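Notes follow once the structure below has been shown.
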Number of protein chains: 2
Amino acid sequence: MQLEKSFGETIRDLRIENHLTLREVAEHLKIDTSMLGKIEKNNRNPSKQFIKDISNLFSIDEDLLTVAHLSDTVAYSILEEELATEVLKVAEEKINYYNKNKANK
Amino acid sequence: MQLEKSFGETIRDLRIENHLTLREVAEHLKIDTSMLGKIEKNNRNPSKQFIKDISNLFSIDEDLLTVAHLSDTVAYSILEEELATEVLKVAEEKINYYNKNKANK
DNA sequence: CTACTTTTGGACTGAAGTTGTCCAAAATAT
DNA sequence: ATATTTTGGACAACTTCAGTCCAAAAGTAG
């Protein structure tokens, strides 16, 4: 798994590897070229539909891109905090606690 | 550390332990009573200033409440995702990567 | 150099979300 | 029954975000 690569970098690299331009990919996905450019530069968020479509286009696992995107969002939201690592640890405990309780509803 | 307690529950419990009403605490913090009630119910976000002030009021570590709040936000944002745990793992790697690179700027 | 294509980013609009405030109903306590 | 506390709806002001359009900048090729 490509650890440090952002969602935008990931899909840009995929596009380059496939020798496509922004315009071409945007046309396939039926979105604005400028929009795609911004997503690649992490200046706009990809929608769920976008992730689904582009995964499909490049035949790559949708979960992989979903994780790339959501982890970007989470990381970015606490990047400047000294307590970031602690925050993640506690967040994980809360999620586990939530899922545990959801199980025996 | 109180794992599963949300930020709101945490400060509500602190208030009850200290035998104070919403109105009283709100007055100390110079905020609207209704606002405080909503924060305790996790229906509104605490501001940084709010966290600072209420930590001060109850003489508890500000970092503890900050972590409680931020972990709530992070957990809530990915709670419904199957991939939540994976997301947190990758987010942590991204944060470490970011901090590593910040070190040797 | 010129013509063409791609990439980048500013500007804008409407939609969606957030904050803080006020008020009144509901719940609780005296 | 009266007081107080708690809850939550409604609202305006404000911020944020998505998506679109356009033009300048950067890159490519003749």
Side-chain angles (χ1 to χ4, degrees), chain A residues 5-58 65-66 68-81, chain B residues 5-58 65-66 68-81:
Chain A
K5 243 197 238 177
S6 71
F7 178 82
E9 284 175 284
T10 305
I11 63 168
R12 167 149 299 191
D13 290 353
L14 282 167
R15 178 172 63 79
I16 304 296
E17 282 166 25
N18 284 272
H19 308 291
L20 296 169
T21 66
L22 283 171
R23 191 185 52 74
E24 289 167 326
V25 171
E27 197 165 318
H28 270 95
L29 305 184
K30 296 192 181 71
I31 65 167
D32 188 81
T33 303
S34 178
M35 189 72 197
L36 178 59
K38 281 163 189 163
I39 295 174
E40 286 192 354
K41 287 191 142 5
N42 303 305
N43 291 329
R44 281 290 191 286
N45 285 323
S47 65
K48 293 249 179 195
Q49 189 59 47
F50 175 87
I51 293 177
K52 189 184 289 278
D53 291 348
I54 203 161
S55 304
N56 203 18
L57 179 61
F58 293 127
L65 286 188
T66 300
H69 165 52
L70 292 177
S71 62
D72 270 7
T73 305
V74 168
Y76 182 75
S77 73
I78 58 175
L79 213 49
E80 302 298 337
E81 301 285 339
Chain B
K5 242 197 234 177
S6 70
F7 179 83
E9 286 175 283
T10 306
I11 64 168
R12 167 149 300 193
D13 289 354
L14 282 168
R15 179 173 63 81
I16 304 297
E17 283 165 25
N18 284 273
H19 308 291
L20 296 170
T21 65
L22 284 172
R23 192 185 51 74
E24 288 167 325
V25 171
E27 195 165 320
H28 270 95
L29 305 184
K30 295 192 181 71
I31 66 169
D32 189 82
T33 303
S34 177
M35 188 73 197
L36 178 60
K38 282 164 190 162
I39 295 174
E40 286 191 352
K41 287 191 137 15
N42 302 305
N43 291 330
R44 282 289 193 287
N45 286 322
S47 66
K48 294 248 179 195
Q49 189 59 48
F50 175 87
I51 293 177
K52 189 185 290 277
D53 290 348
I54 202 161
S55 304
N56 201 17
L57 180 60
F58 292 128
L65 286 188
T66 300
H69 166 52
L70 292 177
S71 62
D72 271 6
T73 306
V74 167
Y76 182 75
S77 73
I78 58 174
L79 212 51
E80 301 299 335
E81 302 285 339

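Note that this is a predicted model, so its numbers are computed, not measured. Residue numbers start from 1 in every chain, and the chains themselves are labelled A, B, ... in the order their sequence lines are given, proteins ahead of strands. What you see below is based on every heavy atom in this structure, not just the backbone, and it leaves out hydrogens, waters and symmetry mates.
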Between B:Glu81 (side chain) and B:Ile78 (backbone), is there a donor-acceptor pair under 3.5 Å?
no

With B:Ser55 as partner, the option from B:Thr66, B:Ile11, B:Leu14, B:Leu65 fulfilling side-chain contact (heavy atoms from CB on, under 4.5 Å) is B:Leu65

Starting the side chain at C-beta, find the nucleotide from C:dT7, C:dC23, C:dT8 nearest to A:Thr21.
C:dT7

Could you give the angle between the helix axes at the two ends of the helix from C:dC1-D:dG30 to C:dA27-D:dT4, with five pairs per end, rounded to 10 degrees?
30°

How do B:Lys38 and B:Arg15 order along DNA chain D: which one's closest nucleotide is nearer the 5' end?
B:Arg15

Rounded to whole angstrom units, what separation is found between the CG atom of B:Asn18 and the P atom of D:dT5?
16 Å

Verdict with supporting geometry, A:Phe7 and A:Asn45, side chain to side chain contact (heavy atoms under 4.5 Å, CB included):
CA-CA 10 Å; A:Phe7 178 82; A:Asn45 285 323; over 6 Å; no

About how many Å separate OG1 of A:Thr21 and CD of A:Glu27, when rounded to the nearest 0.5 Å?
8.5 Å

Neighbour count >12 (heavy atoms, 6.0 Å) for atom OH, A:Tyr76
no

Give the rounded distance in Å between these two atoms: CD of B:Glu24 and C1' of D:dT6.
13 Å

Could you check which residues of residues 39-58 of chain A get a heavy atom under 4.0 Å from DNA chain C? Sort them by number, please.
A:Lys41

Can you find an N or O donor on one side and an acceptor on the other, under 3.5 Å apart, linking the side chain of A:Ser34 with the base of C:dG9?
yes

Closest contact, heavy atoms only, A:Glu40 versus A:Arg15
OE2-NE, 2.7 Å

Return the value, rounded to whole Å, for the distance between atom CZ of A:Arg23 and atom P of C:dC4.
15 Å

Any side-chain to backbone donor/acceptor pair from A:Asp32 onto A:Ser34? Under 3.5 Å, distance only.
yes

Rounded distance in Å - CG (B:Leu36) to P (C:dT21):
13 Å

Rounding to an integer number of Å, can you tell me how far A:Leu22 CG sits from C:dG9 P?
12 Å

Between P of D:dT28 and CD1 of A:Ile16, the distance in whole Å:
11 Å

Protein proximity profile, nucleotides 25-30 of chain C - base contact B, sugar-phosphate-only contact S, no contact -, cut-off 4.0 Å on heavy atoms:
------

In the structure I gave you, are the side-chain heavy atoms of A:His28 and A:Leu20 within less than 4.5 Å of one another anywhere?
no

Nearest-nucleotide pick for B:Met35, side chain only, options being C:dT21, D:dT7, D:dT20
C:dT21

Can you find a heavy atom in the side chain of B:Phe58 that is under 4.5 Å from one in the side chain of B:Thr10?
no

Determine whether a donor-acceptor pair (N or O, by modelled atom type, separation under 3.5 Å) exists between the side chain of B:Asn42 and the backbone of B:Gly8.
yes

Measure the distance from CZ on B:Arg12 to C1' on D:dT5 and round it to the nearest whole Å.
10 Å

When every non-hydrogen atom of B:Lys41 is compared with those of B:Arg12, the smallest separation belongs to NZ-NH1, 3.9 Å

Interatomic distance, A:Asp32 CG vs C:dC12 P [rounded to whole Å]
17 Å

Indicate the atoms forming the closest heavy-atom contact of B:Pro46 with B:Ile51, along with that distance.
CB-CG1, 4.0 Å

